[in-house]
Amino acid sequence: GDRFADTISVKDFGVTFDGTTDYTVEIQAAINFASANKAMLRLPSGTTIQSSTLTIPSGLKMIGEGKKVTVFKKAAGFNGVQLKSNHFDTLTGTDALDNPIIPVSIDLRGFTLDGNYLLNDWKNATNSYVNTSGGGVEMYARYYSMDIDVTNQAGVGMWLEATGIETEFNTRKDSDFNIDSTVCKEECLIYKGPSDARFGYIWTAIGGARIKAEQELPPVSSPTYGAANGGYTDNIVFDGAAGEVDKIHSWGCLTGRALWIASSCRLNANLIIGESSRYGGVELGNDVYGLISNIDVHGCGGGLDGSVPDLVVSTTDRLIIDSIDIEARGSVDSGQDRVVLSGNFIKVGTLNVEANGNAGHALKVSGNYILVGKGMANGCQGTANDGLPSAALVRNAAFSNRMYDINMMAVSCDNGFHSINAPSHENITVTADLLTGATVFSGTVKDVTKAQRWDINGFVNATKVVSSNVVAIGFDPSTTA
């Protein structure tokens, strides 16, 4: 073909994706040529064997025939990263948005990176390790796009990074991504920037992957984060940057949570799904702020001792969540709490918890300035992790200057509302329909010196229990009518 055309192919450099031949050197030559001549580099269908890291320079546009159709497969014994942006080792860990060597205008689409980590499928009882280290992608860049598939990696699936102070020079730091990252020894995705990213979707699965015989062992601490995330290795970590996301679906982390916000960032998302992870679902902490339409966590475990909730919102910034839906599944559940709001300035529109007869509180609140518009908890039964009967609502006013407005419905739970301490301001509404032996209320009664308004009513085994209390009137949990 014409090697000076706007589009070239790796075939022009003698490369065929025949499934057996190593053309790593020739492919790197094609990458360098395409970048230097501002040409699009096309990749054919098939599989090529990769024996060393491919360096991605500024301006590269590399397009395959499709995910799972065009495949780079690591050679046995290659324990490095498959794709790495130019100057990554110099830039990583630094605020380098204004550094002139940062790569820009990169477009990678339509191919798969296979790290050749596990010999067989992760569920296969007969399995072994092939490569023992090295991830799929390490990029420090801005103003770029990526829509590729990364799988079976012996390290982090995708490490994307770009941090620093915005200036006139680097204002175009925005980027576009569709992320597919599955079966990784470490995190499937660590995202550290750029901060103005747009994600169509993020699909991750089986972070902390190990052979079948080792999957029931205790969790492995992340080589990147160590004890900072509780000693786990999570599927997805947003660390200092996020952006606008249409859909996150994070499934089946074997050694951690579906999603963890590690440090302050803006996250605006339409849908976040955390599913079937063994050590908790989603944690939104460390000053994450923004708007989230829907969070769905189902079928997650609470760790070895049930101490890791399905959803934790510990941000101390401002976060608005329209809808939260939580579903427990007995086969993997460990009696963890469902939703913990321990941060400040949190607004939740609707909350639905389906505990399916498992232990754990539906909603625990201990932060400040927290609003829950309409909540329902069904089937929270048994002794929760803190030793209390499982309740629809536990409110812990750790400091007196706390403010809450919470509306909950409790169905077939062991307790409707458990109060710990007395905040300065609150409006609590609990409507209950409970079974024999349950209680509508327990804990600290109202303090007549505080501005507390409670409206607690319902049935316990068809016996009506009512207490419509206005400000500064104590609550008598034995009152019936």
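Here the side chains of M408 and K374 are not in contact, with every heavy-atom distance at 4.5 Å or above. Side-chain contact between P423 and R395: present, with at least one pair of heavy atoms (C-beta onward) separated by less than 4.5 Å. Residues M62 and L43 have side chains in contact (heavy-atom distance under 4.5 Å, counting atoms from C-beta outward). Taking the side chain as every heavy atom from C-beta outward, I292 and I320 never approach each other to under 4.5 Å. Here the side chains of P103 and L91 are in contact, with some heavy-atom distance below 4.5 Å. Residues I106 and M139 meet the side-chain proximity criterion, which asks for heavy atoms closer than 4.5 Å. Residues H361 and D386 have side chains in contact (heavy-atom distance under 4.5 Å, counting atoms from C-beta outward). Proximity of M158 to I148: side-chain heavy atoms (C-beta onward) are separated by under 4.5 Å at one or more points.
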The test is salt bridge (Lys or Arg N to Asp or Glu O under 4.0 Å); show your working for E283 and R257 and say whether it passes. CA-CA 8 Å; E283 180 168 350; R257 294 158 292 198; 2.6 Å; yes
Next item on the list: Please step through ring pair (Phe, Tyr, Trp, His ring centres under 6.0 Å) for the pair F199 and Y191, ending with a clear verdict.
Entry: CA-CA 12 Å; F199 297 86; Y191 190 80; 5.1 Å; yes
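Classification of the Y144-F177 ring pair by plane angle, with boundaries at 30° and 60°, yields perpendicular. Ring orientation note: the planes of W251 and W122 are nearly perpendicular, at an angle over 60° on the 30°/60° scale.
For D333 and R338, the salt-bridge test passes: some basic side-chain N is under 4.0 Å from an acidic carboxylate O. Between D89 and K84 a salt bridge is recorded (basic side-chain N to carboxylate O distance below 4.0 Å). With salt bridges taken as basic N to acidic carboxylate O contacts below 4.0 Å, none links D147 and R109.
Within a 6.0 Å radius of OH in Y201, more than 12 heavy atoms belonging to other residues, nucleotides or ligands are found. Surrounding NE2 of H298 are more than 12 heavy atoms belonging to other residues, nucleotides or ligands, all under 6.0 Å away.
Checked by atom type, the side-chain pair D149/T112 shows a donor-acceptor distance below 3.5 Å.
K74 forms a cation-pi arrangement with F78, by the criterion of a distance under 6.0 Å to the ring centre and an angle within 45° of the ring axis.
Atoms CG and OG1, on L341 and T315 in that order, are 11.5 Å from each other to the nearest 0.5 Å. For the atom pair NZ of K68 and OG1 of T151, the computed distance is 4.5 Å after rounding to the nearest 0.5 Å. The distance from atom CG of L363 to atom CD1 of I406, rounded to the nearest 0.5 Å, is 6.0 Å.
Although no hydrogens or angles enter the test, the distance criterion places no donor-acceptor pair under 3.5 Å between the side chain of N294 and the main chain of I324.
The distance between the ring centers of W260 and Y225 falls below 6.0 angstrom. Proximity of the aromatic rings of Y23 and F13 is defined here by a centroid distance below 6.0 angstrom, and this criterion is not met.
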